[in-house]
Protein chains: 2
Amino acid sequence: MTVADERKGRPAAAAGTDPELACPIGPVVDIVFSRWTTPILWTLHTHGRQRFVELERRITRITPKVLTQRLRQLERDGLVVRTYHPEVPPRVEYEISEFGRSLGPLFAQLAEWAAQNLDTVEEARQAYDGQGAGH
Amino acid sequence: MTVADERKGRPAAAAGTDPELACPIGPVVDIVFSRWTTPILWTLHTHGRQRFVELERRITRITPKVLTQRLRQLERDGLVVRTYHPEVPPRVEYEISEFGRSLGPLFAQLAEWAAQNLDTVEEARQAYDGQGAGH
DNA sequence: CGGGATCCCAAGCGATACTG
DNA sequence: CAGTATCGCTTGGGATCCCG
């Protein structure tokens with residue numbers, strides 16, 4: 001199931017003395033930035049409602065099993081809506097929920113940061129690897 | 001939210017198509033939202049420059065080995081600055097780099113989303129678990 | 001088509017011991 | 001104090017088979 005599901009959003013707790021996180025964004029990371037969730041949400045966001053196979057094809061390298069797992073998790077968290085059409089052959093469609101769309105600005109800002117600073121990270125890595133080897 | 005819509009033709013870092021992501025924020029997630037990086041960056045952000053043990057104590061449950069690994073990664077990516085003081089006993093201090101501070105607004109927005117919507121997620125989970133089990 | 005069940009392996013992390 | 005090195009377990013994910 002969920003990797004670290006012990007975290008419960010307890011509103012009563014004071015500024016997080018939670019076990020492994022002294023920060024309030026730990027739980028969000030688990031929810032939104034788990035292993036495959038970001039590509040899934042992004043694909044659903046850009047291509048709208050689509051079927052299981054479409055997701056499978058667009059998100060390369062993901063296996064159906066994992067795709068199902070993540071999709072279930074996102075559905076459970078209310079970020080994705082799953083619609084089952086009892087036809088032959090069966091048809092299932094996934095889309096971002098209204099609640100899931102509240103992540104829009106966040107993703108946009110994230111994408112913007114990526115566009116502006118990703119190469120800086122790359123430079124930092126090369127610099128580190130270059131003279132970091134000599135220590 | 002269509003900020004990065006036009007930069008889809010971004011050349012991949014390595015050769016070929018990007019492995020696991022049809023989305024431009026995949027790499028950022030790896031850099032910023034890896035396993036322990038969020039608590040580390042948050043702690044460094046809120047408590048300023050501090051030593052290894054301080055980080056170790058504040059980020060509960062993290063082992064020194066993993067803390068070192070993540071710290072090295074963050075240093076390599078240019079988000080964290082490591083300062084070694086050749087004393088006896090040795091003293092090492094960590095702080096967020098200038099570049100790392102560019103993540104500030106992002107974290108703020110993330111924290112805000114968490115504060116507003118985390119209980120919604122919890123409700124969705126309970127609803128899902130409640131009647132999802134009977135299905 | 002859209003999965004669930006099973007087996008299995010590789011990565012990640014914890015625990016422990018040791019160094020400068 | 002601030003790590004590095006090694007071992008061993010836990011776990012996520014791939015591969016395969018099968019069902020509705």
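Here is the naming used below: chain letters follow the sequence lines, and residue numbers restart at 1 for every chain.
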Measure [atom1]/[X] against [atom2]/[N] and give the value in whole Å, please.
| X | N | atom1 | atom2 | result |
| --- | --- | --- | --- | --- |
| B/L71 | D/dC1 | CG | P | 16 Å |
| A/Q69 | D/dA15 | CD | C1' | 14 Å |
| B/E93 | D/dG3 | CD | C1' | 16 Å |
| A/I62 | C/dG3 | CD1 | P | 13 Å |
| A/Q73 | C/dG4 | CD | P | 14 Å |

Side-chain N or O of [X] less than 4.0 angstrom from OP1 or OP2 on [N]?
| X | N | answer |
| --- | --- | --- |
| B/R72 | D/dT4 | yes |
| A/Y94 | C/dC1 | no |
| B/R82 | D/dG3 | yes |
| A/R51 | C/dG2 | yes |
| A/Y84 | D/dG20 | no |

For A/P90, answer base if it contacts any base atom (sugar-phosphate contacts may also be present), sugar-phosphate if it contacts only those atoms, and nothing otherwise; contact means non-hydrogen atoms under 4.0 Å.
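The residue A/P90 makes base contact.
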A/E87, CD: over 12 other non-hydrogen atoms inside 6.0 angstrom:
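Above 12, so yes.
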From the options C/dG14, D/dA2, C/dG2, select the nucleotide whose nearest atom is closest to the side chain of B/T63.
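Of C/dG14, D/dA2, C/dG2, C/dG14 is nearest to the side chain of B/T63.
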Nucleotide nearest A/V66 (side chain, heavy atoms from C-beta), chosen from C/dG4, C/dG2, D/dG13:
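Given the options C/dG4, C/dG2, D/dG13, the side chain of A/V66 is closest to D/dG13.
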Nearest heavy atoms of B/A111 and A/P24, plus distance in Å:
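It is CB-CG, 4.5 Å.
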Whether B/F52 and B/Y94 hold their rings parallel, tilted or perpendicular, with breakpoints at 30° and 60°
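Ring orientation of B/F52 relative to B/Y94: tilted.
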Could you tell me whether the side chain of A/K65 has a donor or acceptor atom within less than 3.5 Å of a complementary atom in the base of D/dG14?
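Answer yes: a donor N or O sits under 3.5 Å from an acceptor.
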Would you say A/L118 and A/E122 make side-chain contact, with heavy atoms under 4.5 Å?
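Heavy-atom side-chain distance check fails, nothing below 4.5 Å.
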Please check if the side chain of A/T38 supplies one atom and the backbone of A/F33 the other of a donor-acceptor pair under 3.5 Å.
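Such a contact is absent between A/T38 side chain and A/F33 backbone.
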